[in-house]
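Structure record follows, encoded as structure tokens.
Positions are given from 1 along the sequence.
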Amino acid sequence: MQDVIQLLPDAIANQIAAGEVIQRPASVVKELLENAVDAGGQNLQLILKDGGKTLIQVIDDGCGMSPTDARMSLERHATSKLQSAEDLFGLRTKGFRGEALASIAAVAQLEVKTRRQNDELGTQLVVEGSEVISQEPCQCPVGTSMSVKRLFFNVPARRQFLKSDAAEYKHLREEFVRIALAHPELSFTLFNNDKQELQLPATKLRRRVLSLFPKKLESLLVPIEEDTDILGIKGFVGKPGAAKKSRGEQYFFVNDRFIKSNYLHHAVRSAYDELLPEKAHPIYFIFLEIDPARIDINVHPTKQEIKFEDERLIYNYLKATIRHGLARASVTPTLDFESDNVFKPAKVGYLRSVGNDLDPSQPLASKINDSSGSGSSAPRLQPSTPSESRRQSNNQRHWERMYEVLGQDAESEPQESVFDLGEAAADEVGEIIPSRLSEVEPDAPTPTTREDKPPYQLHRRYIVSPLKSGLLLIDQRAAHQRILYEEFLQQLRSEQNPSQQNLFPQTIELSVADAGLLEELLPELSSLGFEIEAFGGQSYIVRGVPADLAGKANEVELVRQMLDAYRSELDPQLDTHERMARSLARSAAVKHGQILDRSEMDDLIARLFACEQHQFAPGGLRRCFITFELDELEDRFRK
């Protein structure tokens with residue numbers, strides 16, 4: 001029988017290997033920018049065209065390469081950063097595998113221009129699909145320019161899976177932001193389609209954060225810093241007021257390398273304890289400095305996953321450091337509920353949380369014990385006296401009671417007294433007939449009604465209406481989301497919706513990621529009746545909104561909430577229109593805690609039961625209404 005196993009040609013092997021490293025244009029940007037940083041560049045430029053599909057160019061003023069090194073850099077596993085296996089445990093450079101340039105050259109047309117400081121001439125190298133087309137001397141500045149053209153030109157199956165230019169640009173810009181945050185001491189410039197999008201001079205970390213994200217964060221950032229023999233932590237976390245409904249500005253860096261870690265994210269989230277509602281996400285920009293021998297970065301080709309020698313210890317240090325920072329910023333004051341004056345200003349410098357004290361005036365490291373073998377995921381802190389523990393326990397109980405009310409809904413406004421329905425009012429409350437009830441599908445279960453009596457609002461969350469057969473209870477927010485979702489979806493598909501011009505156009509400033517997302521969604525927003533135009537950088541002007549929403553919500557906050565909702569809507573089965581309609585419905589719907597008058601309640605009920613599917617809010621996880629039969633109510637009164 002003939003032998004069937006054979007070696008793959010180098011070109012095919014390189015394309016297969018490239019699939020692990022180069023997944024989309026953003027992967028190219030990451031690798032090239034990291035190489036530019038490793039080369040010692042002080043001024044880095046990123047030039048993009050057509051979402052990186054036509055051109056990705058990175059220019060640096062680093063050390064440059066010799067003609068031989070330029071040629072060798074394109075070979076697989078060719079690197080200047082490793083000499084032996086032991087070097088893997090002392091790495092401080094971003095690259096080390098020697099795979100990136102070979103992978104890029106395998107699936108694109110690559111042009112390299114490079115020159116060292118002492119060389120009179122540089123080297124120009126042209127490669128196409130791993131094949132060297134030419135190599136010759138050239139005139140060029142000191143440093144290196146890498147131009148990647150026609151990415152995936154020879155792998156059409158990969159190219160057809162790329163998203164729109166706007167979507168790919170969003171990922172490209174996010175990679176740019178990660179590198180720029182990791183190295184505020186370097187200068188970065190971003191050009192997109194011949195337009196300068198960002199100019200970031202060398203600066204301090206705080207200035208770099210504020211230059212990439214909305215300026216309103218300036219008053220919401222809390223600095224954190226702690227140095228120990230094992231770990232250094234620095235950066236910023238957001239005050240509770242800066243939290244968002246979706247993960248957005250959340251960045252971890254280990255030895256100036258961006259990483260993703262759900263474990264460390266949990267440490268951050270737990271540090272806020274009860275300061276945030278359950279579904280709110282804090283913002284943070286956290287830098288960890290640790291001995292490379294204590295971590296393993298050779299876990300995944302993207303190098304965004306890291307294994308720590310002692311994860312629990314890192315978790316404890318991080319959590320306690322953030323608590324310490326929040327306490328110093330007076331974000332977590334002490335309230336003594338057994339004191340005569342409950343609202344006496346708290347003593348700054350103490351964090352009371354779940355019976356533990358943290359004194360910011362003392363070194364944090366002195367209060368954190370090595371947790372190895374302790375069986376606890378939280379740092380052990382100095383014990384309190386019995387009377388102090390009892391008082392803290394009482395305080396905690398009071399806090400929990402407060403948060404039971406405040407945490408019922410992140411969007412609730414402070415509520416007044418519960419609606420009290422007296423006998424006279426009860427006599428007046430009858431049954432209602434939604435004016436458009438006849439439009440509901442005959443097979444759909446619909447509450448039966450007979451008389452037109454006014455509905456009323458309960459706890460500013462629900463609409464109550466007696467029925468002939470019992471009681472109808474409508475969740476005003478879920479119902480309004482269903483109504484708006486179906487209306488927005490119809491408008492998106494018909495591309496016809498009137499717009500209401502703002503008398504005073506409003507300016508909105510977004511983060512880099514949100515600006516990229518907004519650019520991608522502008523056509524759909526225009527179909528809905530929004531008039532939004534770029535105003536330079538990450539700023540936009542909102543000139544008009546859909547007529548149905550005019551005057552009912554703050555336009556700027558509406559856009560922000562819509563972007564958050566769109567990003568958190570991850571159902572892969574939804575098309576762009578459905579995802580947009582859901583996101584905008586969630587953003588524009590009435591909130592729990594919002595007072596509705598009689599006409600608004602009547603209108604909401606009528607529109608709900610005219611919906612194609614009126615039983616559930618978009619997503620199907622929450623009912624729009626429930627009914628109570630008289631028999632069921634009667635049973636509740638029996639023992």
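- Residues that satisfy the salt bridge (charged side-chain N to carboxylate O under 4.0 Å, His left out) test with R269, not counting sequence neighbours, are absent from this structure.
- Annotation: salt bridge (charged side-chain N to carboxylate O under 4.0 Å, His left out) contacts involving residues 117-141, sequence neighbours excluded, comprise R116-D119.
- No side-chain heavy atom of I283 sits under 4.5 Å from any side-chain heavy atom of V237.
- When atom types are taken as modelled, the side chain of R115 and the backbone of G122 share no donor-acceptor pair closer than 3.5 angstrom.
- Across I314 and L264, no two heavy atoms sit closer than the pair CG2-CD2, 3.9 Å.
- Checked against side-chain contact (heavy atoms from CB on, under 4.5 Å), V556 has the following partners two or more places apart in sequence or in another chain: Q506, I508, N554, R560.
- Defined by atom type and a distance below 3.5 Å, a donor-acceptor pair is present between the side-chain atoms of S511 and E249.
- Across every non-hydrogen atom of Q42 and L186, the tightest pair is OE1-CD2, 3.6 Å.
- Residues meeting the ring-ring contact (aromatic ring centres under 6.0 Å, His included) test with F285, sequence neighbours left out: F213, Y251.
- Sorted by first and then second residue, the salt bridge (charged side-chain N to carboxylate O under 4.0 Å, His left out) pairs with a member in residues 210-220 read R207-E218, K215-E509; sequence neighbours excluded.
- D310 approaches L313 most closely through the heavy-atom pair OD1-N, 3.1 Å.
- Counting all heavy atoms, side chain and backbone alike, A180 lies closest to L200 at CB-CD1, 3.8 Å.
- Contact of the D60 side chain with the N35 side chain is not registered, since no non-hydrogen atoms from C-beta on lie closer than 4.5 Å.
- A donor-acceptor contact shorter than 3.5 Å is absent between the side chain of T54 and the backbone of D50.
- Among residues two or more places apart in sequence or in another chain, the side-chain contact (heavy atoms from CB on, under 4.5 Å) test is passed with E185 by H183.
- When atom types are taken as modelled, the side chain of S187 and the backbone of N43 share no donor-acceptor pair closer than 3.5 angstrom.
- Ion pair E174/K170 not flagged as a salt bridge, since none of the NZ, NE, NH1 or NH2 atoms sits closer than 4.0 Å to an Asp/Glu carboxylate oxygen.
- Taken from CG in D38 to CG in L33, the straight-line distance is 11.0 Å, to the nearest 0.5 Å.
- Judged as a ring-ring contact (aromatic ring centres under 6.0 Å, His included), and not counting sequence neighbours, Y540 has no contacts.
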Determine, stepwise, if the pair L125 / L74 fulfils side-chain contact (heavy atoms from CB on, under 4.5 Å). CA-CA 10 Å; L125 191 63; L74 302 177; 3.3 Å; yes

side-chain contact (heavy atoms from CB on, under 4.5 Å) between Q23 and R158, worked out: CA-CA 8 Å; Q23 301 168 357; R158 292 292 299 276; 4.2 Å; yes

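- Within the 4.5 Å cutoff, the side chain of I59 has no heavy atoms near those of the T189 side chain.
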Which pairs of donor and acceptor atoms, one on a side chain in residues 141-151, lie under 3.5 Å apart (sequence neighbours left out)?
unit_1	atom_1	unit_2	atom_2	d
T144	OG1	T114	OG1	3.0
S145	OG	Q57	NE2	3.0
S147	OG	Q57	NE2	3.4

Worked verdict on R178 versus L181 for side-chain contact (heavy atoms from CB on, under 4.5 Å): CA-CA 5 Å; R178 291 170 180 174; L181 281 174; 5.9 Å; no

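- Within the 4.5 Å cutoff, the side chain of I295 has no heavy atoms near those of the E309 side chain.
- Across all their heavy atoms, S73 and L101 have their closest contact at O-CB, 3.5 Å.
- For R543, the salt bridge (charged side-chain N to carboxylate O under 4.0 Å, His left out) partners are E533, not counting sequence neighbours.
- Take F253 and apply the ring-ring contact (aromatic ring centres under 6.0 Å, His included) test, not counting sequence neighbours, and it matches F258, F287.
- G238 and L326 get closest at one heavy-atom pair: O-CD2, 4.4 Å.
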How far apart are the C-alpha atoms of R206 and L221, what are their side-chain angles, what is the distance that settles it, and do they pass the side-chain contact (heavy atoms from CB on, under 4.5 Å) test? CA-CA 9 Å; R206 187 183 185 92; L221 292 179; 4.2 Å; yes

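- Applying the side-chain contact (heavy atoms from CB on, under 4.5 Å) test to E168 and every residue at least two apart in sequence or in another chain returns R24, P25, K53, L162, K163.
- Side chains of E111 and Q124: a donor on one and an acceptor on the other come within 3.5 Å.
- Scored by the side-chain contact (heavy atoms from CB on, under 4.5 Å) test, L121 finds P137, Q139 as partners (sequence neighbours excluded).
- With respect to the salt-bridge test (charged N to carboxylate O, under 4.0 angstrom), the residues E75 and R71 qualify.
- Between L48 and N193 there is no side-chain heavy-atom pair separated by less than 4.5 Å.
- No hydrogens or angles considered: nothing links the side chains of E226 and T321 as a donor-acceptor pair under 3.5 Å.
- For the pair Q109/I133, no side-chain contact is recorded, criterion being any heavy-atom separation below 4.5 Å from C-beta on.
- Annotation: F252 is in aromatic contact with Y284 [ring centroid separation under 6.0 Å].
- The cationic group of R579 lies under 6.0 Å from the six-membered ring centre of Y566 and within 45° of the ring axis, placing it in a cation-pi geometry.
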